[in-house]
Structure formats: structure tokens, C-alpha cells
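To start, the structure under review is shown below, and the notes come after it.
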Amino acid sequence: SGPSAEETREQMLEIYPKKTRRKRAKQMLVNKTPETPEAIGANSRTVPGIITQRGCSYAGCKGVVIGPIYDILHITHGPIGCGWYSWLSRRNMSKIRHPEETNYLQYSMSTDMQEDHIVFGGEKQLKQAIQEAYDEFKPKAISVYATCPVGLIGDDIHSVCREMKEKLGINIFGFSCEGYKGVSQSAGHHIANNGVFKNMIGLDDTPVEAKYKINVLGEYNIGGDAWEIDRILRLCGIHIIGTLSGGVSYDEICNCHQADLNVVMCHRSINYMAEMMETKFGMPWFKVNFIGIEGTKKSLRKIAQYFDEKELTDRVEEVIAMEMADVRPVIEDVRQRTEGKKAALFVGGSRAHHYQDLFSDMGMTTIAAGYEFAHRDDYEGRDVLPSIKIDADSRNIEELHIEADPERFNLRKTKERKVALEESGFEFSDYEGMMRQMAKDTLVIDDISAHELEKLIELHKPDVIGSGIKDKYVIEKMGIPCKQLHSYDYGGPYAGFKGAINFFKEIDRMISTKVWKLTRAPWKDDSEEQSAAAAE
Ligand code: CFN
Ligand code: HCA
């Protein structure tokens, strides 16, 4: 029903001036050949004037990758808004697990930069902030984040951090993650990965006593997701050393090179770390997805296959069977109302893909989807990496020069395992991207604009839209339920088995209620409303 994907795309593009239309056209594709996806114009600058969902580099660095480490003291060097808006609004959960630990995430610390700092420089202010924070809390580590004005006036946060590290004798490091550093959050991820690698990974060589040791990379414990993943892996007998960076402590990160394997949930935000750890420690990695029943099962089985021990493979099957006993009746129940319903997802750099699995578990189809800031490989699969010539972020961010560290014997063992497994046909790099999994003739729209989203709703009336805070209430005023797939609104967890049950019930509730038919957008006049009613 409704216009075809091609017609929809044309109607979305129609309004734009010629140059903008040409640019947007490259970022809006009809998925004609899902098995060999067309090249998409991802990770490019948003045309000024367009209302985008994107955030900034500071958001990607402080807000996303490092901010969730709960016992580091995070100081935002900049005007107060940046610290304020990145203060737990992402719903990244954390709790202390040992009595001697402290959780600082309830605090939002900032140098509260004012005009006179812009004129005379803010380094003195930063130094003082670090000293005050240290005197008050005596943390293990302090991390400093530069916001736009800091880069513009040229404050040298790194020399301040070095000086204070020397003076106070704790680990203090800074991130040049000025908001404008890249075209989106994505550049901030890269800056964060480099800094975490340089300043934390490998600092603590204490051996970890466990048989199957892994790290979960790219999992930020939004709404408690990491806790559900941890619960399942524990049941299987798999030990997580570090979840980067959900509900994680500084010490766990410093020690996480002791693992035998990295599994990667959100590839976009942390692929750099996975690669660097593999180069230095020989630790292999592969992509997993614990969002969705099928994804969770597949990921557990792949981890078991990696360790290749019968006791683990059997245990994983037992856990799956046990958990499915709770999941199955819920799916059967909700499917009566959700089967055949349509979703559209526009989120970040991995969830617009991952959540398609959860919707398909409910018998729903995703008619249109797109990331805010992902790169071509997240759309087209890892095999396109060598053909990507221009990466908008890499112009600003240097790759770190990492060398192998053969001294670390236990880690060389993991490299040997990788080679043996590859010879037996195990695929480490089979990450396929979003487009291969989407149906033919669905719409793939990168960095969707407010206008394009409104057109999509007008023309296709999806039953639910997965999106973020910037468009949620516009969507709902148009009579369509919107689930925030960033913060989960007030819900979650949605990962793993228990998370899936939460999600199924929530979506069922949202799309089954009659309330959406009764909403009346404030911008609609009565005559319009009446003629629509008459036409029905
Ligand atoms: S938790 Fe992650 S899963 S890290 Fe990334 S790409 Fe953001 S903050 Mo919002 S919800 Fe989103 Fe992803 Fe990875 Fe979150 S889809 S946009 S930068 N994201
Ligand atoms: C960010 C954080 C964000 C924003 C969510 C939203 C998050 O990128 O700055 O736009 O609703 O998940 O909190 O992605």
C-alpha cells in the first residue's frame, strides 16, 4: 500500500535545491539488490539548514564511550551546557560492586567556562577544577574533555593534564573531542578509542582466574542491557572482564587485555579498539548482537564455537532452551497483534540495524531504516572497507601507531587459536551490515532530515517508529507511536532474553492502544480534520 519506495524517495527529494538534492540522493537508496548493496553516501557533512538528528564529537567521546566509566572523575572543560546535556541523559546505568568503589556518575563536573576565559584562556580554570575535584574526591583517575570553544581559543588541555598528573600522582588524561572535530558523534568515538587505548588498556597485568574470559565491546548498559548480557553469559560459565563501557570500572578497563576474546556489540563506536587490541595483544574479535532472540542465540553459539569445548557448547544450548521457555509464550501472545505490522528505524550507528531483529522476532517488517552517523561498512558490510577512500573522520583523527607485544605470552595463545580456527572455517569477519539484512525495495536513508521523516510518515504511516528525543514528539503528534531506541524512554533492558520479553510487551502495548487515532496535531486546523473524517 502507498507509493513505491522510488516514488517516496522522489517526493522526499523534491523540495530541495539542486545541490542539496544531489547530495541527499546519494544518502537515500532503495535497497534494490540487498545481496550486493549499492554504495551509500554515509559519514558526510550534513547540509547546513537541514534539521538533522546528529550530535557532535564531544557527545561521541564523553557522552558515549568514556563517560559511562563510573569511577573516573569526568570533567568537561567548556560552557556548562555541554556537561549538563551529557549528564546521564543517555540512561547508561552503573552501580558499584565492591564496597571500596565509588560511583561518580551522579555528578556532572564542568569548568563552567565564561566569556573572560574565552578572552584570556581557560587553562588556569581547568587546573583549578582538577585540583578541587581531587581534593574533594581523591579519585583513581580524572578525564578531561574539550568542547568547541576550548579548541577555538587553543587551551592546551593535554599539558594541563600532564602537569596535574605529575603533581597529584593519579592518572589524568584529556580528550581533544571538540564538538566540531568531525561530521557527527562518530569522530568522537575514534578519539575516545585512541585515548582509552593509550591511557588505560594494559595498565594492570593481574591475571584473571576464569576459564572462558571475554570482553564485550560496544555495550553501554543503556537501560541495563549489559547486566542482562552478563546474566546470560554467567549462566553459560563465560566471564566478562570488561564491558566497554557499560557499568564498568577503571580497573576493569586497565585489566581487560587479560581476556581471550573481544566480542563487539556496537561495531561503529568501538571497532578501532578491537583492531588495536588485536594488533597489540593478538586478541581476536568478532561481531555479535544480543538485541533480538535469534541474534542472542547466534551470538552465544558463536562464542561457544570460538572456545570449542563440549562442556561450554552443551551449557549454551541448555541456557538457550531454559530461557526460550519464558520467551516463547510471550512471542506467541504478542504476535497475534504485531504480525505484519510496519516499523521504521532511524537511530545512531548500530541500533537501526540491531533492532530490526527484535521487530522481526515479532513478525514485523522494517520498511525504512537509516543510521545517523554510521559509515559505509555498517550499511554494506565489512568487505567494502578497502574500497572506502574518503573517510570524513580520518582527515581529523590520526590512527595510533600500535605494535605487537609478543612478551605477553597468554595473549599470543589467543592469536594461535585464531589461526587454527580460521583454518577450520570459522569466520571472524562476517559482519554483513544493515542493507544485506533488509528486504528488497525497502528504503535506506542515511542522516535522515526532519522533512524526510515527516514525508515518510505522511506517505506510509508506519505502525511504530524507533527514533530519538529530537523527533519523538513530532512523530507522536502525527499520530504514530515512537519508541526511543537511544534511551528506551523509561524502559529496558531490551538486550538478551529477558530484554526481548520487555521489548515485545512494550511494543505490543504501544501499537495496540487506540490512543494514536485520537491524537490531533496542534498544527492541523479543524476543516482539514473534518474533511479527513468525511473521506473515511
Ligand atoms: S548506546 Fe550506542 S549503539 S554507541 Fe552509538 S552507535 Fe549513540 S548514544 Mo544514542 S543510542 Fe545510539 Fe549506537 Fe553504538 Fe547510543 S545507535 S546514537 S553514538 N549509540
Ligand atoms: C548523543 C546521545 C544520544 C542522543 C539521543 C537522542 C543518546 O548522541 O548525543 O537523540 O535521543 O543515545 O543519548 O544518541
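In listed order, ligands and their atoms are each counted from 1.
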- Message: Both conditions, 6.0 Å and 45 degrees, for the charged tip of K483 above the ring of Y488: are they met here?
- Response: no
- Quick one: closest heavy-atom pair of A39 and L29, and the distance? O-CD1, 3.7 Å
- Hey, which atoms in ligand 1 end up nearer than 4.0 Å to a heavy atom of G349? 6 (S), 12 (Fe), 15 (S)
- Query: Do the non-hydrogen side-chain atoms of L244 and V216 ever get within less than 4.5 Å of each other?
  - Reply: no
- Query: Taking only heavy atoms of H486, which atoms of ligand 1 are found under 4.0 Å from at least one of them?
  - Reply: 9 (Mo), 10 (S), 11 (Fe), 16 (S)
- May I ask you to check if K140 and Y250 form a cation-pi contact, with NZ or CZ under 6.0 angstrom from the six-membered ring centre and within 45° of the axis? no
- Are Y355 and V347 side-chain neighbours, meaning at least one heavy-atom pair lies under 4.5 Å? no
- Would you tell me which option among R91, R90, Q53 has the nearest heavy-atom contact to atom 2 (Fe) of ligand 1? R90
- Query: Considering only heavy atoms, which protein residues lie less than 4.0 Å from any atom of ligand 2?
  - Reply: A59, R90, Q185, G468, I469, K470, H486
- Message: Checking a contact table here: which protein heavy atom is nearest atom 18 (N) of ligand 1, and how many Å away?
- Response: F373 CZ, 4.8 Å
- Task: Determine whether I153 and M113 make a side-chain contact, defined as any pair of heavy atoms from C-beta on separated by less than 4.5 Å.
- Result: yes
- Note on the structure: ligand 1 atoms nearer than 4.0 angstrom to some heavy atom of C266 are 3 (S), 4 (S), 6 (S), 13 (Fe)
- Answer side chain, backbone, both or neither: which part of I222 comes under 4.0 Å from ligand 1, heavy atoms only. side chain
- Message: Pairing donors with acceptors under 3.5 angstrom, does anything connect the side chains of H486 and E372?
- Response: yes
- Side-chain contact test, heavy atoms from C-beta onward, threshold under 4.5 Å: evaluate it for I214 versus N262 and give yes or no. no
- Within the structure, does at least one protein heavy atom fall under 4.0 Å of atom 4 (S) of ligand 1? yes
- Query: Taking the six-membered ring of W227, is NZ or CZ of K95 closer than 6.0 Å to its centre and within 45° of its axis?
  - Reply: yes
- Message: As a test of understanding, state which of H74, K62, E178 forms a side chain to side chain donor-acceptor pair (under 3.5 Å) with Y145.
- Response: H74
- Compute the minimum heavy-atom distance from S350 to ligand 1 and say whether it is under 4.0 Å. yes
- Check each atom of ligand 1 against the heavy atoms of H189 and keep those under 4.0 Å away; list them by number with element. 17 (S)
